[in-house]
Amino acid sequence: MTNSRFFVPVCCVLIFAVLVGIGFIIPQWAMFLATMALAKGLVALGIVILMRAGLVSFGQGLYFCIGAYVSGLMANWTGITDIVLLSILGVLVSVILATICARLLSGYRGIFFAMLTLSLSMILYGALSKMSIIGGTDGLNVSAPTFLGYAPEGRALGFSLYFYTCLVSVIAGGLIRVYFNSERGLTALAIRDNELRVEYLGSSVKSAISSGYIMAAAVGGLGGVIAGLAIGHVDPEYAYWTTSGEFVFVAILSGFFSITAVFASSIVLEVVRSFSNLYFPNTWQLVLGVFLLIVILLLPNGLGSLFSKRRRKGGSE
Amino acid sequence: MTTAESSTTDFVLQAKNLNKAFGAVIAANEVNVAVPRGAVWSLIGSNGAGKTTFVNMVTGYLRPDSGTILFNDKDITGLEPRKITRLGISRSFQIPQLCAELTALENMLVSLSSANEQASFFRPAHSAESVANATDMLERFRIVDYRDRTMAELPAGVRKLLDIAMAITGEPQVLLLDEPTSGVAAEEKYPLMDLVMEALDGSNVTVMFVEHDMDIVARYSQRVLAFYDGQIIANDTPDNVMQDDSVRRYVTGGAVATAGGV
């Protein structure tokens, strides 16, 4: 069944239907929370793509920020508010930058890769903070989006944004699942295990890592566009290292076996943070840390290992 | 890659004046070899004699300090390993280089997709055709019973066979086997080599294998290259090499004299 070519599309349609159904019954604050969780889940999905090849990016805030600023600047400078167009532009700019950065990054592994990605995002943070023409550290406000000519307001705007986020998340998730199941996807897992062997089989490890990094940037930019439009404000904090840390948190929480788990983990993070913030305003990070510790101890391969056939025998291997 | 390219000589692989030093240690000293197409040669020598350095230079892992390596008369000196693999030179490893968290079948699927000119972002790795091809390869090496096991669960002999099976997936013209029987129980050495030779039978692949067991060398190779101190001290048939004074002094020592009853 899972090998059928219809499995991924059918799952995508079902998940989309469930998500939209939920949108009709949840209150507006929860809809906003879900929209943000899915947007951030998209960025974390990028880290998961890299994790499958044995790499962790501590700088996905770079593309999250670029996506958000593209939506803000385009709306303010050119008057473009259509969310589809802004999404395409955000992804395009992210992919172009990632293509350039990938040439540098694909030669590094482990902590060096992680630190380089972090430094790239902090360069953007520093640059944006000093650019008073686009708001400096205050950032800038973003106009409400339109949806192919439809300009909703109030709850309709929140629902439209949620609907769009569900749609692009499901499409992106489906495409990445197809990639994970593909020859290239399996090669990424092989690179994680034994890079030398993959080179000696005739595949280019650098090319595989570059393409993974570019895919990660694309979903990162997309998440940034949605987050910027949902919040209605963008600032350099989007590229700050603590923002990137959140995405890594989600990726570790989910593991790299299940795409659904990435979005589920992102929702868990948003919910835990929102409620912890409410009930333990000064110690909510402590709650979050304890939660992550429990997951790492009980499910070393993340929440996704609960659903995946490719369940591993713990983190010791 | 699958068909032999036209060559102006009968030699598929030639090494000319190869030199390689690691500091004061000379690992290759004016190494000259010309290997005819379809030959089965072995490389012998004590540890540090330069056998693996030769294999590493031919497969691109090490760049020679000077000298030239020709493959079908094309200069491949210093090319990256993956480019050399794509041209048609493949290798297996002394310590099997498998993907530890993947199953035996998945290891084969990785090598199958790598053998394609460009692996696809969309074509499923586990397509029925790929799984059938991978299973067929595992059957050729009689390790299909282990197809769903990961490396930690595989016996040493199976790991060796899987490593070699992965190396020949791309249908190479030259196959370099680095100590194919090392780490394998004595009674499994001949069956392992028989399986490898059987799998390669009729493919006209040129095989060069590094080996310490002189019985294996005598039984499976048509010609032997004996290395000592980075140089080739003998290049002849197994019988002649075993009788060579230099080889007996520097490579085989008293062990062969006893084994050969000389």
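No other option in A/Ser203, A/Ala208, A/Ser207 has as many heavy-atom pairs under 4.5 Å with chain B as A/Ser203. No other option in A/Thr187, A/Ile191, A/Val198, A/Leu196 has as many heavy-atom pairs under 4.5 Å with chain B as A/Leu196. Comparing B/Ser130, B/Ala128, B/Ser111 by how many heavy-atom pairs each has under 4.5 Å with chain A, the most go to B/Ser111.
Contacts of B/Thr59 with chain A are made by both backbone and side-chain atoms, with heavy-atom separations under 4.5 Å. Contacts of B/Phe93 with chain A are made by side-chain atoms alone, with heavy-atom separations under 4.5 Å and no backbone atom involved. For B/Asn107, no part lies under 4.5 angstrom from a heavy atom of chain A.
Look at B/Glu211 and B/Lys189 and you find no salt bridge, because none of the NZ, NE, NH1 or NH2 atoms lies under 4.0 Å from a carboxylate O.
Under the 6.0 Å distance and 45° angle rule, A/Arg109 does not count as a cation-pi partner of A/Phe112.
Between B/Leu161 and B/Val196 the shortest side-chain heavy-atom distance falls below 4.5 Å. At least one side-chain heavy atom of A/Tyr63 sits under 4.5 Å from a side-chain heavy atom of A/Leu97.
At a cut-off of 3.5 Å, with distance as the only test, no side-chain donor of A/Thr117 or A/Tyr213 sits close to an acceptor on the other residue.
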